[in-house]
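The structure under discussion appears below in the form of structure tokens.
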Amino acid sequence: MVLINTHYQNLAGSYLFAEIAKRLNAFVRDNPDKKLIRLGIGDVTSPLPPCVIKALRRAVDEQATAEGFRGYGPEQGYAFLREAVLEDAFAGLGLASDEIFISDGAKSDVGNFQEIFHADCAVAITDPVYPVYADSNIMAGRRLIYLPCVSENNFIPELPATRPDLIYLCLPNNPTGTVLTAAQLKLWVDYARAEDCIIFFDAAYEAYIHSPGIPHSIYEIEGARDVAVEFRSYSKMAGFTGLRCGYVVVPKSVQAVSADGAKISVRSLWMRRQSTKFNGCAYIVQRAAQAAHTAEGKRETRELIAGYMANAKVIRQAFEALGLKVFGGIDAPYVWVKLPAGLDSWKFFDALLQGATIAGTPGAGFGPSGEGYFRLTGFGSRADTLEAAERLRQFKI
Ligand SMILES: *Cc1c(COP(=O)(O)O)cnc(C)c1O
């Protein structure tokens, strides 16, 4: 028999969303007459913006002509999209379009990027967090350092006591919905520079930032270009969760070291990795992504996001009215509810399901420090969100 990658056995047994689906399916089966409202979803629900659809259609029609047909594209992505990204999202930050790599989404990039580093690298991960950072490194056999983010520290991770090589920061955060100010983020950039670490900055929810003084990109922080790689996605920004497109920014100045001490450009390794294992994001999808950067596209995506954020506000207010402490929901579509002391997040999941026929996500699923919290999202429809708020008025904890 063939030996497996035994690191896979260190992954947490049951995947969070599989367990939730199991419990919800059982509930629906046992309560066929009740209408379940799903506020646990981390997926968008509104249709794609009209200008994205138009660009997609145009690109599809091009494929039907001899002149317009495109086969394999550049592994790094088409220049038209990399240049649109640079101009729209990173103007004035000292970056170049050949430091942008287009992909089929941020999950792949965030999951894959670790593989260009040594298996002995120590990895710091905020807790609770998007499960991909932990799991992709556990699969590679790496050691994790958890940085708790809880109400007691205002969800601001403390610098690690022992030096990590790689640091994952997700801002605005999934699942807590919290952000860091420029001054708070600068502490991390300064630390990475002083300790020779590399920061993986996941900015999947950048477009949801509304508060002033919150950096949209880590490259707004002085010195970040030498130590940080930034991940972005069209999924939550423009509704591309099904269409699939994202990108990673890898500045040429980010360096790591070889076994003999020679400095190596991380960008050149990522280029090598991508050109070996990835054959590019679909041309039609890259044209659709380009449309999201036009004036029309920005107006339409702003509207989309405003709708989700209005839902988040309704959810925030409904849980506050129950006397609970609520975080997030201001610069992110996620509302993070602190449960009364002693109430565990799976028990609350069941209570909310039985008592209000509402589904959310237990905080424990996002890491040990998520216990005692509960995640709700603004991604549901307006009608469902309002009905959920109405039901919560009658709900007793
Ligand atoms: C949704 C999400 C992503 C990425 O999504 P893709 O659809 O793969 O682009 C990345 N990071 C976080 C934290 C997310 O919540």
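Remember, it's 1-based here, ligands and their atoms both numbered in the order they're listed. If you read the sequence from its start, that first residue is 1, and numbering goes on from there.
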Identify all pairs of nitrogen or oxygen atoms, one from ligand 1 and one from the protein, separated by less than 3.5 Å, and list them with distances.
| residue | atom | partner | partner atom | Å |
| --- | --- | --- | --- | --- |
| ligand 1 | 7 (O) | Ser235 | OG | 2.5 |
| ligand 1 | 7 (O) | Arg244 | NH1 | 2.8 |
| ligand 1 | 7 (O) | Arg244 | NH2 | 3.3 |
| ligand 1 | 8 (O) | Ala106 | N | 3.3 |
| ligand 1 | 8 (O) | Lys107 | N | 2.8 |
| ligand 1 | 8 (O) | Arg244 | NH2 | 2.7 |
| ligand 1 | 9 (O) | Ala106 | N | 2.7 |
| ligand 1 | 9 (O) | Ser233 | OG | 2.6 |
| ligand 1 | 9 (O) | Ser235 | OG | 3.3 |
| ligand 1 | 11 (N) | Asp202 | OD1 | 3.4 |
| ligand 1 | 11 (N) | Asp202 | OD2 | 2.7 |
| ligand 1 | 15 (O) | Asn174 | ND2 | 2.9 |
| ligand 1 | 15 (O) | Tyr205 | OH | 2.6 |
| ligand 1 | 15 (O) | Lys236 | NZ | 3.2 |

Donor-acceptor contacts under 3.5 Å from residues 153-164 side chains, at least two apart:
| residue | atom | partner | partner atom | Å |
| --- | --- | --- | --- | --- |
| Asn153 | OD1 | Val150 | N | 3.0 |
| Asn153 | OD1 | Phe155 | N | 3.1 |
| Asn153 | ND2 | Pro148 | O | 2.9 |
| Asn153 | ND2 | Ile156 | O | 3.4 |
| Arg163 | NE | Glu195 | O | 2.7 |
| Arg163 | NH1 | Asp165 | OD1 | 3.0 |
| Arg163 | NH2 | Asp165 | OD1 | 3.2 |
| Arg163 | NH2 | Asp196 | O | 2.9 |

**Residues Lys35, Asp384: salt bridge by 4.0 Å N-O rule** = yes
**Aromatic ring proximity, centroids under 6.0 angstrom, Phe200 and Phe113** = yes
**Message:** Tell me whether the rings of Phe349 and Phe374 are parallel (<30°), tilted (30 to 60°) or perpendicular (>60°).
**Reply:** tilted
**Message:** Which heavy atom of Ala238 sits nearest to which heavy atom of Pro49, and what is that distance?
**Reply:** O-CD, 3.3 Å
**Message:** For Thr276, run the side-chain hydrogen bond (donor to acceptor under 3.5 Å, both in side chains) check against Gln274, Arg272, Arg273 and tell me which one passes.
**Reply:** Arg272
